[in-house]
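For clarity, every value in this text was computed on a predicted model and none was experimentally measured.
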Amino acid sequence: MKVLIIGSGGREHALAWKIAQSHEVDEIYCAPGNGGISDIARCIDIKATDIDGVVNFAKQNAIDLTVVAPDDPLAMGMVDALEAVGCRAFGPRRDAAAIEASKAFAKQLMHKYNIPTAKYEVFDDYEKAAAYVEKCPVPIVIKADGLALGKGVTVAMDRQDALAALKSIMLDKVFKEAGSRVVIEQYLTGHEVSVLAFSDGKTVVPMISAQDHKRAYDGNKGPNTGGMGAIAPSPYYTPDVKQRVEREIIYPTIAAMAAEGRLFKGVLYFGLMLTDDGPKVLEYNARFGDPEAQAVLPLLKSDLVGIMEAIIDQRLDEVKIEWYDKAAACVVLASGGYPAHYTTGYPIMGLDDIDDPDVIVFHAGIKKEGDVYYTAGGRVLGVTAVADDLDAALNKAYESVQKIKFKDMHYRKDIGRV
């Protein structure tokens, strides 16, 4: 079969790598892809948000399965458009992708169906939002309502930071129309855990847990990023916690979406905070997380394409999903200055020196000219290692990181340690 993957980051490289292992797959395409993905898939010069371009390509090339990986095309209705012309597509339709595309919608859903989350208020007026911040308890969390590449959240430790975040989002429009409305949330403390789940709208199968590291610098300091590394499974996601999360959060969320007439078919990401008062939802994503996918997918023993096909056909209950009893660690190598201002176009050295079969280097912000890879984005590479336990996986990942060099390379040295 022919598979088309939409997107160009490390998550998409991880998907292509896993999909390539399926005996069902003969050809893989990626739109637009990147330099690393081009080693295992044919990259097509179509933007991830070009719905008409993707639909036309899928029809003209008899694509059997299109995997829509990023948030923007899902929110824009790419799956709906593909299905409308008879093309099979993996990912939620537009009405279900709203669970990520609008944080206000997600909070209202949780409130309506008693799914545990932080207390919140929603504002579309800057003056009213600022007045609320002047009197609410701090620290406080300020979120742009719409999609902002994982960077639309500010944890404000004082009122001054909160007001600055509000101005940036609502008046300066740093996230454009995604910041026309904001959600202001109670600040929660505890251990953060990410749980992704396969769902066909009626059957839900949670994956191995993961832990993302959002902040740019060691010690969980600095601005939020798209993610600087991930581990799987999370040591904090104990069997008791797992049981409670599935009972109170995962199954009720899928049921709530169905009750709202927004059947969720695809991968639903649960960003959780394990507080002293129990697990609470921080956010939902309507797709594989990045870099979580780079840590979770290498632990998946089962055929990913078979799972995706079963989800599309709503027969997930017939599929046995198996995992390797191992641990994975992903360390993201970024351009210096990310997530703010950074320079790209630097050659990358040392990739050929990594010869450990348990280490996979996933490419994100990469372009390839001839046989040379160059930096082309904020997050450049994800170095993922698999081992029998987390410490061994982390050691393997960091040993491989030492072999890679490019100008201004930045990475966190405490992934999995905080």
Undergrad: Check for a donor-acceptor pair, side chain of Gln211 on one end and backbone N or O of Val418 on the other, with a separation under 3.5 Å.
TA: yes
Undergrad: Taking C-beta and beyond as the side chain, do Trp323 and Lys301 meet within less than 4.5 Å on heavy atoms?
TA: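 No - every pair of side-chain heavy atoms lies 4.5 Å or more apart.
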Undergrad: Is there a donor-acceptor contact under 3.5 Å from the side chain of Tyr398 to the main chain of Ile415?
TA: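 It does hold such a pair.
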Undergrad: Any non-hydrogen side-chain atom of Gln108 less than 4.5 Å from a side-chain atom of Tyr120?
TA: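 Touching, per the 4.5 Å side-chain cut-off.
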Undergrad: Any side-chain heavy atom of Ser335 sitting closer than 4.5 Å to one from Asp408?
TA: no
Undergrad: Which value, rounded to the nearest 0.5 Å, describes the distance between Leu82 atom CG and Thr66 atom OG1?
TA: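 Spacing of CG (Leu82) from OG1 (Thr66) equals 5.0 Å.
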Undergrad: Decide, yes or no, whether a salt bridge links Arg287 with Asp71 under the criterion of side-chain N to carboxylate O below 4.0 Å.
TA: yes
Undergrad: According to the interplanar angle, ranging from 0 to 90°, do the rings of His13 and His363 count as parallel (below 30°), tilted (30 to 60°) or perpendicular (above 60°)?
TA: perpendicular
Undergrad: Show the nearest heavy-atom pair for residues Ser8 and Pro32, with the distance to one decimal.
TA: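 Of all heavy-atom pairs spanning Ser8 and Pro32, the closest is CB-CG, 3.8 Å.
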Undergrad: How close do Val372 and Pro347 get, heavy atom to heavy atom, and via which atoms?
TA: CG1-CB, 4.3 Å
Undergrad: If you measure from the Lys or Arg side-chain nitrogens to the Asp or Glu carboxylate oxygens, is any gap between Asp145 and Arg181 under 4.0 Å?
TA: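 Looking at Arg181 together with Asp145, the answer is yes, because their closest N to O distance falls below 4.0 Å.
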Undergrad: With a 4.0 Å cut-off on N to O distance, would you call Lys143 and Glu283 a salt bridge?
TA: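 So Lys143 does not pair with Glu283 through a salt bridge.
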Undergrad: If the threshold is 4.0 Å, N to carboxylate O, is there a salt bridge linking Asp391 and Arg417?
TA: yes
Undergrad: If we only count heavy atoms from C-beta on, is the Val153 to Lys214 side-chain gap below 4.5 Å?
TA: no
Undergrad: Is the shortest side-chain heavy-atom distance between Asn224 and Pro339 below 4.5 Å?
TA: no
Undergrad: Using only atom types and a distance under 3.5 Å, with no angle test, would you say the side chain of Asp95 pairs donor to acceptor with the backbone of Arg262?
TA: no
Undergrad: So Tyr237 and Ile208, do their side chains get closer than 4.5 Å, heavy atoms only?
TA: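 Ile208 vs Tyr237: side chains apart.
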Undergrad: Can a side-chain donor-acceptor contact be found between Asp212 and Tyr269 if the only test is distance below 3.5 angstrom?
TA: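 The answer is no; no qualifying pair exists.
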Undergrad: Under the 3.5 angstrom rule, does the side chain of Arg379 hit a backbone N or O of Ala364 as a donor-acceptor pair?
TA: no
Undergrad: Rounded to the nearest 0.5 Å, what separates atom CZ in Arg94 from atom CG in Asp80?
TA: 8.0 Å
Undergrad: Regarding Glu83 and Arg93, does a basic nitrogen lie under 4.0 Å from an acidic carboxylate oxygen?
TA: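 A salt bridge links Glu83 with Arg93.
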Undergrad: Within the side chain of Asp72, is there an N or O that forms a donor-acceptor pair under 3.5 Å with the backbone of Thr49?
TA: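 Pair absent, no side-chain N/O of Asp72 close to backbone of Thr49.
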Undergrad: Does a salt bridge link Arg88 with Asp313, judged by any charged N lying under 4.0 Å from a carboxylate O?
TA: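 Salt bridge between Arg88 and Asp313, a charged N being under 4.0 Å from a carboxylate O: yes.
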Undergrad: Quick one, Phe175 and Ser168 - any side-chain contact, counting heavy atoms below 4.5 Å?
TA: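 Phe175 does not reach Ser168 side chain to side chain.
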Undergrad: Take Arg315 and Asp200, measure what salt bridge (charged side-chain N to carboxylate O under 4.0 Å, His left out) needs, and give me the verdict at the end.
TA: CA-CA 7 Å; Arg315 49 179 180 80; Asp200 66 3; over 6 Å; no
Undergrad: If we count only N and O atoms by modelled type, under 3.5 Å, do the side chains of Gln294 and Asp290 hold a donor and an acceptor together?
TA: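 Present: a donor and an acceptor within the cut-off.
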Undergrad: Using side-chain heavy atoms (C-beta onward) and a distance below 4.5 Å, is Phe406 in contact with Val380?
TA: yes
Undergrad: Do Thr117 and Lys107 have side-chain atoms, one donor and one acceptor, less than 3.5 Å apart?
TA: yes
Undergrad: Check step by step if ring-ring contact (aromatic ring centres under 6.0 Å, His included) holds for Tyr346 and Tyr374.
TA: CA-CA 5 Å; Tyr346 299 127; Tyr374 295 87; 9.6 Å; no
Undergrad: Using atom types as modelled and distance alone, determine if a side-chain donor or acceptor of Ser22 lies under 3.5 Å from a backbone N or O of Ile19.
TA: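 Side chain of Ser22 to backbone of Ile19: no pair is present.
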Undergrad: Can you tell me if Lys59 uses its side chain to pair, donor with acceptor, with the backbone of Val85 under 3.5 Å?
TA: no
Undergrad: Looking at Lys326 and Asp388, does any basic side-chain N land under 4.0 Å from a carboxylate oxygen?
TA: yes
